[in-house]
Protein chains: 2
Amino acid sequence: MLTSLKRWIIGRPLRTEQLQEEKLPVWKALPILSSDALSSVAYGTEQILRVLVLAPISVLALWYSLPISGAIIGLLTLLILSYRQIIYEYPGGGGAYIVSTDNLGWFAGLIAGASLLIDYTLTVAVSVSAGTDAITSAFPALHRHGTMISVFFVLLLMLLNLRGIRESGTIFSFPTYLFIFGMLGLVIVGLGNVAIHGIPANVPPVTHTFPAGLSWFLLLHAFSSGCSALTGVEAISNATPTFRKPETKNAARTLALLGLLLAVLFGGSSLLAYLYHITPKTTETVLSQIAEETFGRTLPYYYIQGTTALILILAANTSFSGFPLLASIMAKDKFMPRMFASRGDRLNFSNGIIVLALAAIALIVAFKGDVERLIPLYAIGVFLSFTLAQTGMVVRRLKQRNPGWMRKLTINAAGAVVSFIVLLIFTVTKFTEGAWIVVLVIPLFIFAFYHIRKHYEAVAEELRIDITADKPEKKDHVIIIPVGGISRVVRNTIAYAKTIGDDVVAIHVAFTEEDAEKFEKKWEQWDPGVRLVVTRSRYRSVNGPVLRFIDLVQERAGDNMITVLIPEFIPRRWWHRFLHNQSALWLRFLLLLRKDVVVSTVPFHLRK
Amino acid sequence: MLTSLKRWIIGRPLRTEQLQEEKLPVWKALPILSSDALSSVAYGTEQILRVLVLAPISVLALWYSLPISGAIIGLLTLLILSYRQIIYEYPGGGGAYIVSTDNLGWFAGLIAGASLLIDYTLTVAVSVSAGTDAITSAFPALHRHGTMISVFFVLLLMLLNLRGIRESGTIFSFPTYLFIFGMLGLVIVGLGNVAIHGIPANVPPVTHTFPAGLSWFLLLHAFSSGCSALTGVEAISNATPTFRKPETKNAARTLALLGLLLAVLFGGSSLLAYLYHITPKTTETVLSQIAEETFGRTLPYYYIQGTTALILILAANTSFSGFPLLASIMAKDKFMPRMFASRGDRLNFSNGIIVLALAAIALIVAFKGDVERLIPLYAIGVFLSFTLAQTGMVVRRLKQRNPGWMRKLTINAAGAVVSFIVLLIFTVTKFTEGAWIVVLVIPLFIFAFYHIRKHYEAVAEELRIDITADKPEKKDHVIIIPVGGISRVVRNTIAYAKTIGDDVVAIHVAFTEEDAEKFEKKWEQWDPGVRLVVTRSRYRSVNGPVLRFIDLVQERAGDNMITVLIPEFIPRRWWHRFLHNQSALWLRFLLLLRKDVVVSTVPFHLRK
């Protein structure tokens, strides 16, 4: 029954050979792997403007949003070029974790791995919460159920991903394309209007001198805030092996497409915001203002708003590809529990999907779905992993010195330096707002990874045998049966005991002297051909005396094995178990903690 | 570690012989078994007045509180006399359940049992919630944590009761005696004042004619509401065997004492309320008004208020003796799960105590600790069980016809009739307020009790053997070992397999053809002296192919037993388990569902 429920929810199991069929063409990979990056267009420009309006003469500062957007697009170009190289160098999937481990050693790899895992989890929490905010803004009655709605969406994403990449890709590609289409329309119509009707009169002036009170710190802060639009770029290079053949070429093509879209949409909306002289408001998003200015409150405006809400929720889906894949790679390297490495019924890494969903739900509940408090935790991991990946590529170039290495090295080095600067600015400006949590948690994760690996190595060492010398040898053993009465179950158990050995003892625990004598007499009458030991328990405990008896036998038995046979009847219905004492279960558990004791449950299936 | 924690919380285990020492002298039994009944003095008068003020000319109606209180004291006298008889007739503890079962048959007994169990649970929920209300009225800041405070008190009562009757008796006797002392003082000082200073001028007039608009229905309603002061009377007769020797005499004495106290305190406060011309207010309890009128807002006033709050919470404690005892009796009769019949470490019925606490917490949480919504559910069970117990006694008298039976019969018959009338009034007047839940739940309980008994009887029948003919016989068996690789754990398991039998097969599940061949070759090299079967799994499932193989062997084995040995390594620390796949556990569970398969876990304890 459980099995058929599972099938109905996540679909029938797939054969291992079907893995290739599950692989992605470019048109499906783009929405699955880029929804996170694309969705940040919805808030990138706003993040810049929000910092700039803090300047004393903000009208003069607003112009700087253009060079800042330009710089961000420049950084984006660097990252895209660099990750294209990673795709070709690491066709087996090369995220920051692999590139760092490969070129900078396992420690750098673990830093990157920890950052990315944290970041994927935060992405789910942040983007689902942001999407829920968009919905509850439209329907205020739902506001107090916000956390529950977010949890519901995370569970929905989990289920869709458990069904498999291909199917969820089909579902997810629609909204992403609808969003891209809408945003492109917005940028084209907006800029077209300006071209036809001329630049509006109230555009903030272009400043050639540095306005008083505008500090470099503020500009850097605005730049780093805008860089939140770059999260999610790494997902594609990480997922190279999930592409349809030729994998590397398709992945590189998808990445280039993503870069182009991101540059046009982000640059276009920054430019429109500047031309429309838009300043951020608390009640309305910058994107909504741009759309309103362009279309008025007509159908296209609502289309933009609707698809934006949708893509914010879907942004979480990128993490549902990234997290399980990274976890599986780290599990194969023995840095994470083995279960993350095995493919589920539908050929995806189901344990990673489930753990990601649970962790994101925990975050959403802990922070009550408050996006403002989650965002500061968010970008450090991204830029930490960017920096490490680029630095790794720099080291690789210097080692290999393949043809054209100087040009590639320059790109990687520039990417590394800029990412590192953004990382520093982020850490400094957001430290007290919650970034300290991430700074604290990353070392804990590294500690855990390291010790997991240590444990696996120790276990492997302990279990290893020399197959030429180490053969299994027959031993002697004593069989102990705790009996509560004389019944069909006990008869069955004794019959089994006689089957597996000759040295069998039954032990009975009596609460009073009278009961003890009565039982001994009855046993004699029955005469099952097995010795009986009766002990008295003044504390009405059965397990205590049984354990003490086993200790005693174990002392005398020396090197021999001991088998404890627990008679147990299995009720026909699961809820019948409540009607019977579960002392057998507890005894089994206590015995499992002992050495050299084998515990067998001899089941007797009730028909009623 | 778990054991020492348990000892610290509930104390060290007691020997069975210590049971007598745990028994109660009268001075301890009174607070333990009567706090429920005594606490109802705190609201009994108020319940009557609240109904009477609904009359059109309420000033004239208020006088009727006196005859109504008189009638209730009359009913109380009947009940006390009747339950005294039950104590002598049933020295082994005779609540409504036993008396009904014994004289009216098992069906009546189950009705009484169900009513009482429900009622005990409701008592805990209601009285703890009422006590919490008293506290949060004094400290309004705590108001929004009301449910949590109630849950805390229930858990506290549970722990104290798990420590044992005697110890909790010592703790609980103080507040009860403080309350009795305070209430007696209030009645004496109040009536003394009236005697010295004469009757106050504004006393409502004594009506000799029936005032217009005052209906019989209203009077009956007021009477039945006031009868809520009678809940808890049954606890003493139910608990006769927990008294110190001579049990019956001590129990009867305690019951008489309770009746006297209840009559004086309830009658006294009704009289004072009438003399002071007190009408119920929403902001202040009637008892508080009486105390204020008598003492002013001086220290004695606060003493009365404080001890009242305390005894309302302690009222729940009566149920903590009553519920586990009744559950144990019903479990011995096989109407309830066996676990309720066994005494815990401290010689009390610990499972009953825990289940009662959990059920009460569930009720408190479900009703958000709202006393007004819980009370309608409350009194039906009490009067249903009163009626059944008294009717049972009537039948008993008619059968036995011992000397003096006519007088006793009259008492019992009168008690039965009056209880039944109160029951009817309750059911009719409170049906829509929630009493329907109880009317619905009681049949469900009876259904469950009946089927539990059926199950136990069926199982006993199935397990019974003829000890002269039915002896355990040795059988043949096949041993199957699922192996994942060649390691120390597998070597150990094969060694054990060779110890318990000669017919051993190892089965390995490979995911690819290549792996299968590799493993077969390695096994040949090792040559452990055991046959190997390798199956291929295209769906990456291990348990499926293993189960199919076992099916196959089982088909061929015919009547022979099958033993499956599961190699398992036990990590040194419990959290290491997360690092290893738990497929062995799942396989064990699936195998337990099959017939004639014995599952053994051969443990290998890791040192690291």
Side-chain angles (χ1 to χ4, degrees), chain A residues 13 15-17 337-339 342-343 345 452 455-456 458-459 462-465 467 470-477 486-489 491 494-496 498-501 511 522 525-529 538-540 561 569-570 576 578-581 592 595 598-603 605-608, chain B residues 13 15-17 337-339 342-343 345 452 455-456 458-459 462-465 467 470-477 486-489 491 494-496 498-501 511 522 525-526 528-529 538-540 561 563 569-570 576 578-581 592 595 598-603 605-608:
Chain A
R15 286 196 307 278
T16 313
E17 305 94 86
R338 191 170 292 171
M339 59 172 184
S342 56
R343 287 185 189 269
D345 280 353
I452 287 171
H455 173 78
Y456 279 131
V459 169
E462 203 175 336
L463 295 186
R464 191 169 296 133
I465 58 172
I467 63 168
D470 234 349
K471 314 280 182 186
E473 301 292 343
K474 190 172 166 173
K475 282 183 175 184
D476 281 341
H477 77 149
I486 294 174
S487 70
R488 210 172 277 268
V489 186
R491 190 204 56 189
I494 293 176
Y496 180 73
K498 286 181 166 180
T499 308
I500 66 168
F511 292 164
K522 203 172 167 197
Q525 279 184 315
W526 188 29
D527 187 25
R538 296 209 293 177
Y539 294 96
R540 301 164 310 288
M561 304 271 303
F569 53 92
I570 314 282
H576 283 166
F578 293 106
L579 302 179
H580 303 286
N581 290 343
L592 273 183
K595 282 185 186 164
V598 177
V599 192
S600 292
T601 309
V602 183
H605 290 263
L606 291 176
R607 270 161 303 154
K608 280 171 191 163
Chain B
R15 286 196 307 279
T16 313
E17 303 95 87
R338 193 169 290 170
M339 59 172 182
S342 56
R343 288 184 188 270
D345 280 352
I452 288 171
H455 173 78
Y456 280 130
V459 168
E462 203 175 336
L463 295 186
R464 192 170 296 134
I465 59 172
I467 62 169
D470 233 348
K471 315 280 181 188
E473 303 292 345
K474 191 172 164 172
K475 282 184 175 183
D476 281 339
H477 76 149
I486 294 174
S487 70
R488 211 172 276 268
V489 186
R491 189 204 57 190
I494 295 176
Y496 180 75
K498 286 181 163 180
T499 307
I500 67 169
F511 292 166
K522 205 173 166 195
Q525 276 184 313
W526 187 29
R538 296 208 295 175
Y539 293 95
R540 302 163 310 287
M561 304 272 303
T563 302
F569 53 93
I570 314 282
H576 283 166
F578 293 107
L579 301 180
H580 303 287
N581 290 344
L592 273 182
K595 282 186 187 164
V598 177
V599 191
S600 290
T601 308
V602 183
H605 290 262
L606 290 177
R607 271 161 303 154
K608 279 172 191 163

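Heavy atoms only: backbone and side chains are in, while hydrogens, waters and symmetry mates are out.
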Chemist: Closest approach of B:Gln525 and A:Lys471, non-hydrogen atoms and distance?
Modeler: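 Shortest heavy-atom separation between B:Gln525 and A:Lys471 comes out as O-NZ, 3.9 Å.
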Chemist: I need the residue from B:Ile486, B:Thr499, B:Val602 with the largest number of non-hydrogen atom pairs under 4.5 Å to chain A.
Modeler: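 Maximum pair count with chain A is reached by B:Thr499.
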Chemist: Output the option from A:Met561, A:Arg488, A:Lys475 having the highest count of non-hydrogen pairs under 4.5 Å with chain B.
Modeler: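 Winner by heavy-atom pair count: A:Arg488.
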Chemist: Examine whether an atom of B:Glu473 lies under 4.5 Å from a heavy atom of chain A, and if so say whether it belongs to the side chain, the backbone or both; otherwise answer neither.
Modeler: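 Backbone of B:Glu473 only, per the 4.5 Å heavy-atom cut-off to chain A.
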Chemist: Go through the structure and list residues passing salt bridge (Lys or Arg N to Asp or Glu O under 4.0 Å) with A:Asp470, not counting sequence neighbours.
Modeler: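 Applying salt bridge (Lys or Arg N to Asp or Glu O under 4.0 Å) to A:Asp470 gives B:Arg491.
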Chemist: List the residues meeting salt bridge (Lys or Arg N to Asp or Glu O under 4.0 Å) with B:Arg464, not counting sequence neighbours, and say none if there are none.
Modeler: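 Only B:Glu461 meet the salt bridge (Lys or Arg N to Asp or Glu O under 4.0 Å) criterion with B:Arg464.
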Chemist: Looking only at heavy atoms, which two atoms of A:Tyr456 and A:Pro337 are closest? And how far apart?
Modeler: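 Closest pair (atom of A:Tyr456, atom of A:Pro337, distance): OH-CA, 3.3 Å.
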